[in-house]
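Structure first, then comments.
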Amino acid sequence: MVNKRLIISSLLSLVFLLTAFVSSAQVSVESGKQLFKANCAQCHNRNMKDNLTGPALGGISERWSGREELLYSWIRNTQSVIASGDPYAVDLYNTWNKVLMNPFPNLTDDEIGSILAYIDAVHNGTEGGNAAAAAGAVAVVEQPKTNYTLIYSVLAILLALIALILARIVGNLDHMNKVAAGDSEAPRPSIREILTSKSVIAFVIFALIVLGGYTTVNNAISFGRQQNYQPEQPIKFSHATHAGVNKIDCQYCHDGARRSKQSVIPSANTCMNCHKAIKKGSTYGTAELTKIFASVGYDPTTDTYIENYDQMATEDIEAIYKKWIADNYIADKELASLDAKGEKAVKDQWNNLVNSLTSEHDPKIGGPIEWNRIHNLPDHVYFNHSQHVTVGKLDCQQCHGKVQEMEVVKQYATLSMGWCINCHRQTEVKFMDNDYYKSYEKYHQELASGKREKVTVEDIGGTECQKCHY
Ligand code: HEC
Ligand code: HEC
Ligand code: HEC
Ligand code: HEC
Ligand code: HEC
Ligand code: HEC
C-alpha cells in the first residue's frame, strides 16, 4: 500500500511540475524591444551598429558565445564580473574609459533572453524592416516555446497514463496477494476507485492550492511592476519644468483629454510653438532641444523649415545640425575653437540625437518622436478620458498623481480593475448641476424628496461589466 501511494504521488508531482513549466513566461523579441528601450537605449545605440556611451551591441551573442552565463551576470551586475578579473571584461571596461554600466539585478533570465533576442533581430535585420522578415524573427525566437510546450504536454500526459497503469498493476498484485492468502472474495480495484482514492484527491487539492498561490503572487507582482513604471524617454522632457515651473496647463498639450477617449501625446509641432523661440535650454544647452528640430526638419540657424527634408541625404542633415550644435557648443562653453574635446562633444550630441530619433527610420532623421508609452490598459477594457475629465470633472492628478512634480513621468495608479471599481463605489457624481445626467429622473426625484443623499458612479451603472469591457 505504501509503495503504491509513493509511486502515484511522485509521478503526479512530476506531471504537476511539468505543467507549471508549460505555463511559465517565455522569451520574445517584442518584450525585448520594450525592455531595451526602457533600460539600455540611453547608452546603447538602437541601431546596434554605432557606438554611443556604450559599445554597439550587434553581434553580442557571437562575442560572448560559450560564455552565456557570464553575459547574463554582466548585464545583472557588471562590476562583479569586472572584479572577478575576467580578461575580456576588464579589457572592455578599460577601453570604455572605465564607464560603469548600470546594474540590472531585477531582470529575469527570460527578460535578458528577450533583450538579447531583440539585439540579434535588429543586428540580423529581421526586426522592424518588412513584415515578413519581422515575422521570421519572431518565429525563430518563439519556436522553442511551442516546441517545449508540446514536449512538456506530451510528457505530462504520458506520465499521468503511466501513473494510472502502475496504480492498476499495484492494485491487481494486491488483489492477487489477497486471493493467494485465501480471501477469494477480495474485489479488484477499478480505475474509478484509484481516481477517487484518498491519496489522489489529497494530491489534486494540494496541487490546486499551490497553483492558485503561484498565480496570485505572480499577478500581484505584475501589478506592482506596472505601477511606478518609469521608462526613460528619448528626449529629456520634464513635466516639472513645463507643467510645474512654467505652469503650462495639462490640456494645452494633452488636449484630447477633454473631448475624446484618448488624452493624446502632443506632436513635435506643439513643442515648436514655444521652442521656435526657446532654442537653447538652461539645463542641456542644445543637446535635447535639437532633437525636436531634427524631428520636424527645422533649421534653427536660419529659423526656417527645411524643404524636402524627408528626401535629404543623411550627410546634409548631419551638416545642418552639427553646425548648430557646434556653434552653440562654442557659445555655451566659451571655447575659442573646436578642440579635440569639443569635437567629441559635438559628435556625442549628434549620436545621441540620431539614436533617439532614427533607429527605426534609418537613415532618415525626420518623423515623430517615439515616446515610450507608460499607461496601457489591456485591449478588453474600455476607458474614456472625456467621460472622466469633462463629465466626471475629475482632476488629472486623481489618477496620475503629481505629474507637475515629475522629471520623468511614472505610472502612479495600479490600473487594476479594483482601482476603477473602488473609485466608482466611493465617488459621488456631481449630479445636480450637470446636464449630462438630466435623463436620470428617478434619482433627481429621490434627491429632491430627501429619500436619497447622494448618487455614486456605481448607482448610475459604473460597476456593470459591459460598461468597462468590450
Ligand atoms: C549608463 C550607461 C549604460 C546602460 C544604461 C547600459 N549599458 Fe551596457 N555598457 C555600457 C558601457 C559603458 C559598456 C562598456 C563596458 C564598460 O565600460 O563597463 C557596456 C557594455 C555592455 C555589454 C558588453 C559589450 C561587449 O561588446 O561585449 C553588454 C552585453 C551590455 N553593455 C548590455 C547592456 C544591456 C542589455 C543593457 C540594458 C539592460 C545595458 N547594457 C545598459 C553602458 C551602459
Ligand atoms: C508641454 C507639453 C505638456 C504638458 C504641459 C503636459 N504634458 Fe504630459 N506629456 C507630454 C509629453 C511630450 C509626454 C510623453 C513623454 C513623457 O512621458 O514624459 C507626456 C506624458 C504624460 C503622461 C504619460 C503618458 C503615457 O505614456 O502613459 C501623463 C499621465 C501625462 N503626461 C499627464 C500630464 C498632466 C497631468 C499634466 C499637467 C499637470 C501634463 N501631462 C502636462 C507633454 C506635456
Ligand atoms: C508653452 C511653451 C512650451 C511648450 C509647448 C514646450 N516647451 Fe519645452 N520648455 C519651455 C520652457 C519655458 C522651458 C525652460 C527653458 C529653460 O530652462 O531654459 C522648456 C524647456 C524644455 C527642455 C529643457 C531644455 C534645457 O536644456 O533646459 C526640453 C528638453 C523641452 N523643453 C522639450 C519640450 C518638448 C519635447 C515639448 C513638446 C512635447 C516642449 N518642450 C513643449 C516651454 C515650452
Ligand atoms: C479616472 C482616471 C483618470 C483621469 C482623471 C485622467 N486619466 Fe489619463 N489615463 C487614465 C488611464 C486609465 C489611462 C490608460 C488608458 C489606456 O491605456 O487606454 C490614462 C492614460 C493617459 C495618457 C496616455 C495616453 C492615452 O490617452 O492613453 C495621458 C497622456 C493621460 N492619461 C493624461 C491625462 C491628463 C492630462 C488628464 C487630465 C486632463 C488625465 N489623463 C486624467 C486615467 C485617468
Ligand atoms: C478617481 C476616480 C475614478 C477612477 C479611478 C476611475 N473612474 Fe470611471 N468614473 C469616475 C466618475 C466620477 C465617473 C462619472 C462620470 C460619468 O457620469 O460618466 C466615471 C464613469 C465611468 C464610466 C461611465 C459609467 C457610466 O455608467 O456611464 C466608465 C465606463 C468608467 N468610468 C470606466 C473606468 C475605468 C475602466 C476605470 C479604470 C481603468 C475607471 N473608470 C477609473 C471616476 C473614476
Ligand atoms: C470600472 C470598470 C470595470 C468594471 C465595471 C469591470 N471591470 Fe473587469 N477589468 C477592468 C480593468 C481595468 C481590468 C484590467 C485589470 C488589469 O489589467 O490588471 C479588468 C480585468 C478583468 C478581467 C481579466 C482579469 C484580469 O485581472 O486582468 C476579467 C475576467 C474581468 N475584468 C471581468 C469583469 C466582470 C465579470 C465584471 C462585472 C462583474 C467586470 N470585469 C467589471 C475594469 C472593470
Side-chain angles (χ1 to χ4, degrees), residues 38 226 229-275 278 291-292 295 368-431 434-437 439-440 443 455-470:
Q226 261 309 102
Y229 178 49
Q230 188 177 32
E232 285 290 329
Q233 298 292 348
I235 297 183
K236 293 200 175 62
F237 172 83
S238 157
H239 277 80
T241 302
H242 290 85
V245 178
N246 287 293
K247 302 214 161 40
I248 305 170
D249 183 30
C250 308
Q251 299 196 22
Y252 177 88
C253 290
H254 302 291
D255 63 334
R258 186 174 48 232
R259 52 184 170 76
S260 69
K261 179 176 178 304
Q262 232 91 45
S263 263
V264 184
I265 305 295
S267 75
N269 291 319
T270 308
C271 315
M272 289 302 288
N273 290 346
C274 296
H275 285 290
I278 308 171
K291 294 177 184 173
I292 306 175
S295 160
I369 300 165
E370 247 194 79
W371 301 108
N372 288 317
R373 182 167 187 157
I374 302 162
H375 298 75
N376 205 353
L377 285 170
D379 287 343
H380 57 82
V381 180
Y382 174 81
F383 177 85
N384 187 318
H385 268 96
S386 67
Q387 179 95 51
H388 290 88
V389 174
T390 306
V391 181
K393 297 191 169 32
L394 295 172
D395 287 334
C396 315
Q397 283 80 354
Q398 277 178 269
C399 297
H400 293 299
K402 292 183 182 158
V403 177
Q404 70 278 9
E405 292 174 8
M406 298 178 190
E407 273 302 317
V408 180
V409 182
K410 78 170 173 199
Q411 184 175 317
Y412 165 83
T414 56
L415 299 201
S416 67
M417 178 159 141
W419 175 71
C420 314
I421 302 254
N422 268 346
C423 183
H424 285 186
R425 290 220 172 104
Q426 285 159 11
T427 309
E428 198 176 329
V429 288
K430 310 206 171 59
F431 208 72
N434 201 330
D435 280 349
Y436 185 83
Y437 303 113
S439 59
Y440 290 90
Y443 288 151
V455 179
T456 62
V457 184
E458 183 173 25
D459 292 329
I460 59 167
T463 53
E464 287 162 17
C465 316
Q466 80 280 5
K467 286 271 170 76
C468 302
H469 290 290
Y470 289 109

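Keep in mind that this is a model prediction, so the values were computed, not measured. Counting convention: from 1, in listed order, for ligands and their atoms alike. Side chains included, hydrogens not; waters and symmetry mates left out as well; all remaining heavy atoms used.
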| note | Within 4.0 Å of some non-hydrogen atom of Gln397, the atoms of ligand 2 are 38 (C)

| task | Report yes if some heavy atom in the side chain of Lys261 is under 4.5 Å from a heavy atom in the side chain of Tyr382; otherwise report no. | result | yes

| task | Provide, to 0.1 Å, the distance between atom 20 (C) of ligand 4 and the closest protein heavy atom, together with that atom's residue and name. | result | His385 CE1, 3.4 Å

| Under 4.0 Å from any heavy atom of Asp395, which atoms of ligand 4 are there? | 5 (C)

| field | Mode of Ile265 contact toward ligand 2 - side chain, backbone, both, neither (heavy atoms, under 4.0 Å) | value | side chain

| request: Determine, using heavy atoms of Leu415 and all atoms of ligand 5, whether some pair is separated by less than 4.0 Å. | output: no

| query | Taking both backbone and side-chain atoms of Gln398, is any N or O found less than 3.5 Å from an N or O belonging to ligand 5? | reply | no

| task | Find out whether Ile292 and Met272 are in side-chain contact, i.e. whether some heavy atom of one side chain is under 4.5 Å from a heavy atom of the other. | result | yes

| Has Met406 got any heavy atom lying under 4.0 angstrom from an atom of ligand 2? | no

| message | Starting from atom 15 (C) of ligand 5, what is the nearest protein heavy atom, named by residue and atom, and what distance separates them? | response | Tyr437 OH, 3.4 Å

| query | Which residue owns the protein heavy atom closest to atom 11 (C) of ligand 5, what's the atom, and how far is it? | reply | Val457 CG2, 3.4 Å

| Atoms in ligand 5 with a heavy atom of Cys468 nearer than 4.0 Å | 32 (C), 35 (C)

| field | Proximal atoms of ligand 5 relative to Gly392 (non-hydrogen, under 4.0 Å) | value | 15 (C)

| Under the 3.5 angstrom rule, does the side chain of Arg258 hit a backbone N or O of Ser260 as a donor-acceptor pair? | no

| task | Report yes if Gln233 has an N/O atom closer than 3.5 Å to an N/O atom of ligand 2; otherwise report no. | result | yes

| field | Distance filter under 4.0 Å to Leu394 heavy atoms, resulting ligand 4 atoms | value | 1 (C), 5 (C)

| message | Ring centroids only, cut at 6.0 angstrom: are Phe383 and His385 within range, meaning strictly under it? | response | yes

| request: Determine yes or no for a side-chain-to-main-chain donor-acceptor pair under 3.5 angstrom, with His469 supplying the side chain and His380 the backbone. | output: yes

| Can you check whether Ile460 reaches Tyr443 side chain to side chain, under 4.5 Å on heavy atoms? | yes

| query | Is any side-chain heavy atom of Ile369 less than 4.5 Å from a side-chain heavy atom of Lys291? | reply | no

| For atom 35 (C) of ligand 5, what is the nearest protein heavy atom, given as residue, atom name and distance? | Tyr382 O, 3.5 Å

| With a 4.0 Å heavy-atom cut-off (strictly under), which part of Asp249 contacts ligand 2: side chain, backbone, both or neither? | backbone

| query | Which of the atoms of ligand 4 are close to Ala257, meaning less than 4.0 Å from one of its heavy atoms? | reply | 38 (C)

| Of the protein's non-hydrogen atoms, which lies at the shortest distance from atom 28 (C) of ligand 2, and what is that distance? | Val409 CG1, 4.2 Å

| Looking only at heavy atoms of Ile369, does any of them come nearer than 4.0 Å to an atom of ligand 2? | no

| task | Could you list which atoms of ligand 2 come closer than 4.0 Å to a heavy atom of Ile248? | result | 5 (C)

| Which one holds for Cys396 and ligand 2: side chain close, backbone close, both close, or neither close, with close meaning a heavy atom under 4.0 Å? | side chain

| field | Selected option - heavy-atom contact closest to atom 32 (C) of ligand 4, from Ser260, Ser263, Ala243 | value | Ser263

| message | Only to 10 degrees, please: what angle do the NE2 atom of His388 and the NE2 atom of His424 make about atom 8 (Fe) of ligand 5? | response | 180°

| said: Is it the case that the side chain of Glu370 and the backbone of Pro234 share a donor-acceptor pair, with hydrogens and angles ignored and the cut-off at 3.5 Å? | reply: no

| request: Check the pair Val455 / Tyr440 against side chain to side chain contact (heavy atoms under 4.5 Å, CB included), numbers first and verdict last. | output: CA-CA 10 Å; Val455 179; Tyr440 290 90; over 6 Å; no

| request: Provide, to 0.1 Å, the distance between atom 26 (O) of ligand 2 and the closest protein heavy atom, together with that atom's residue and name. | output: Ile374 N, 2.8 Å

| field | atom 8 (Fe) of ligand 2 contact by His254, N, O or S atom under 2.8 Å | value | yes

| atom 23 (C) of ligand 4 protein-contacted, heavy-atom criterion under 4.0 angstrom | no

| task | Would you indicate which of His400, Lys236, Lys247 comes nearest to atom 29 (C) of ligand 2 when only heavy atoms are counted? | result | His400

| Restricting to N, O or S atoms of His239, which is nearest to atom 8 (Fe) of ligand 2? | NE2

| task | Take Thr390 and Arg259, measure what side chain to side chain contact (heavy atoms under 4.5 Å, CB included) needs, and give me the verdict at the end. | result | CA-CA 7 Å; Thr390 306; Arg259 52 184 170 76; over 6 Å; no

| task | Using distance alone, determine whether Pro266 and ligand 2 share an N or O pair under 3.5 Å. | result | no

| request: Establish, from distance only, whether the side-chain atoms of Asp459 and Thr456 form a donor-acceptor pair under 3.5 Å. | output: yes

| message | I need the nearest protein heavy-atom contact for atom 17 (O) of ligand 4: residue, atom name and distance, please. | response | Leu377 N, 2.8 Å

| remark: Of all protein heavy atoms, the one nearest atom 34 (C) of ligand 2 is Cys250 SG, 3.5 Å

| request: Scan Ile265, Val264, Thr270 and name whichever one has a side chain to side chain contact (heavy atoms under 4.5 Å, CB included) with His254. | output: Ile265

| Measuring from the heavy atoms of Trp371, does anything fall under 4.0 Å of ligand 2? | yes

| query | Just wondering, are more than 12 heavy atoms of other shown residues or ligands nearer than 6.0 Å to CG in Asp379? | reply | no

| field | Val429 and ligand 5 - part of the residue with a heavy-atom distance under 4.0 Å | value | side chain

| remark: Any heavy atom of Asn384 under 4.0 Å from ligand 5? The part involved is neither

| Which protein heavy atom lies closest to atom 14 (C) of ligand 4, and at what distance to 0.1 Å? | His375 CB, 3.6 Å

| said: Tell me the protein heavy atom at minimum distance from atom 37 (C) of ligand 5, and give that distance in Å. | reply: Cys420 SG, 1.9 Å

| query | Going through the distances and angles, do Ile374 and Gln233 end up as a side chain to side chain contact (heavy atoms under 4.5 Å, CB included)? | reply | CA-CA 10 Å; Ile374 302 162; Gln233 298 292 348; 3.7 Å; yes

| said: Closer than 4.0 Å to some heavy atom of Val264 - which atoms of ligand 4 meet that? | reply: 26 (O)

| query | Where the closest heavy atom to atom 43 (C) of ligand 4 is concerned, which of Cys399, Cys423, Ser386, Cys253 has it? | reply | Cys399

| note | The closest protein heavy-atom partner of atom 16 (C) of ligand 4 is Arg373 NH2, 3.6 Å

| request: Do me a favour and list the nearest non-hydrogen protein atom to atom 18 (O) of ligand 5 with residue, atom name and distance? | output: Gln387 NE2, 2.3 Å

| What heavy-atom pair brings Cys399 and Ala413 nearest, and what distance separates the two atoms? | O-CB, 3.8 Å

| said: Please confirm whether the ring centroid of His239 lies under 6.0 Å from the ring centroid of Phe237. | reply: yes

| field | Residue and atom name of the nearest protein heavy atom (relative to atom 42 (C) of ligand 4), distance in Å to one decimal | value | Phe383 CZ, 3.3 Å

| field | Closest contact, heavy atoms only, Val389 versus Ala257 | value | CB-O, 3.9 Å

| Going by the order shown, which atoms of ligand 4 are within less than 4.0 Å of some heavy atom of Asn376? | 17 (O)

